[in-house]
Structures are given as C-alpha cells and as structure tokens.
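So the structure is just underneath, and the comments pick up after that.
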Amino acid sequence: MSGAAVGILISGSGSNMVALVKAMQTGEVPARPAIVVSSDPQAAGLAKASSLGVPTAVVDHRASGGDREAFDAAVNAKLEEAGAGIVACAGFMRIMTPVLTGAWAGRMLNIHPSLLPLFKGLDTHARALEAGVCVHGATVHEVTQELDSGAILGQVAVPVLPGDTAGTLAARVLTREHVLYPRVLAAFIRDPEAARRKPIAIFPDT
Ligand code: GRF
C-alpha cells in the first residue's frame, strides 16, 4: 500500500492529525495526507492542517440535523473526492453509521485514549482514575460498527502517577498517542495483515 493517500477525520485540536501528517512528510509513514475533514467548523486542527499544506474540508454535523447517514455520506464524498485510500480517525467525535464504517472496512483506523477493551467511550481518563488502575494508555484499532471494538493494532502504556487528575493524565497519554499512531499507521500501510497479526506494544520510556 506504499504511496497510499490518507484521509484524516478530526473534530478538535488535531494534535494526533499533526503527528500523522508530520510523520508522512518526513517519510516515517509511507503515505501522503490527502485531506483533513472536520465535523466542526471551529476545530483548531483545521488551521494546523492548512499550515502543514494539507487540504481541508468541513462537514458540519449540525447541518445534517441529526441525520447520521447523511452526515456520513457527506464525509465519505470528501474522502473519495480527495482520493483517500485509507482513513485515520484522530479525535473524530462522531458515532459513525455503516455508511462510513462499511465503505472503509479494513481501511479505517482510530485512536482511543485507553487500553482497550477497558474504558470504551468518553471520559476515559477520569474513569481510569476512578477505577484505580496504575497503568493507563491509548490504543489504535480498526474501526468497525461496534464502538471502540475493532482489532487492536497497537497500544501504548502510560503510568498513572500519584496526584494525577484527569487533565494531567490525559496530557501524559496524549504525548504518547503521538508516538503510537504514526508507528501503527506506518506498519498498517506497509502490511495490514502483518499489522493485525503482530500489534505494536509501546511501554513507558521506549
Ligand atoms: C485524543 O486523546 C484521542 O485519543 C481521542 O481524542 C483526542 C483527540 O486529541 N480520540 P487531538 O484532537 O488529536 O489533539
């Protein structure tokens, strides 16, 4: 899949998107960023993508009035117009329907801020603290119709430290997400089957 074109879906600050784009631009990830699509016109990531020279598009989820299929079809159209062959969700805060998950089955990744299958869904860092775990982290997985449940392609472990708040823990995890996601995307683009067979595990200070 070398020479792949990657579409990146965001809704917010886009720091993972920046990590992926930079890794493509340095050659760490053997692909080019085809487009960044945001579900939110106010997403700070849009300006970051533009400053990196990546085309952007907005599909405002509010414009589809709750019609998730219509929203997904509009996102899909942007990805296809841009020639994307693979999709990386990076802080894309929308529940997807089969319109998107079906179209990109086997070609769509997501990063989730927990060690899946623990803490699917939102507020993962607060829930990790509440549960009393001492190891937390992030996961890159394939996207399927079931939320946060596709095949695990890589995980990074992050220590929970005394005095952590959800904010301090989130910040520690996020810096490691930026290491994990490019490594997993590179492996997946090179050989998806091998990436599925041998997920990448990253431990603290590696
Ligand atoms: C990250 O923690 C990611 O794991 C989660 O949403 C956050 C997005 O952050 N899905 P950013 O927009 O990449 O900065």
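Not measured: the values here are computed from a predicted model. One-based numbering, in listed order, for ligands and for the atoms of each.
Looking from atom 5 (C) of ligand 1 to the surrounding protein, the closest heavy atom is Pro113 CD, 3.8 Å. Protein heavy atom at the shortest distance from atom 1 (C) of ligand 1 is Glu177 OE1, 3.1 Å.
Salt bridge absent: Asp72 and Arg94 never bring a charged side-chain N and a carboxylate O closer than 4.0 Å. The pair Arg196-Glu193 meets the salt-bridge criterion, with a side-chain N (NZ, NE, NH1 or NH2) lying under 4.0 Å from an Asp/Glu carboxylate O.
Of all heavy-atom pairs spanning Pro159 and Leu169, the tightest one is O-CD1, 4.1 Å.
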Inset, instruction - Evaluate the side-chain hydrogen bond (donor to acceptor under 3.5 Å, both in side chains) criterion for residues Ser11 and Ser39: first the C-alpha distance (whole Å), next the side-chain angles of each, then the deciding distance (0.1 Å), finally the verdict. - result: CA-CA 5 Å; Ser11 300; Ser39 62; 2.8 Å; yes

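In this structure, CD1 on Ile111 lies 11.0 Å from CG on Leu153, to the nearest 0.5 angstrom.
Ranked by closest heavy atom to atom 9 (O) of ligand 1, the top entry among Leu122, Ile8, Asn16 is Asn16. Here atom 12 (O) of ligand 1 lies nearest to Gly14 when heavy atoms of Ala138, Gly14, Gly91 are compared.
Using a 4.0 Å cut-off between heavy atoms, Met93 makes no contact with ligand 1 at all.
In this structure, Phe119 and His136 have perpendicular ring planes: the angle between them is above 60°, well past the 30° mark.
Within the structure, ligand 1 has Ile111 among the residues with a heavy atom less than 4.0 angstrom away.
Near Ser15, with a cut-off below 4.0 Å to any heavy atom, the atoms of ligand 1 are 11 (P), 12 (O), 13 (O), 14 (O).
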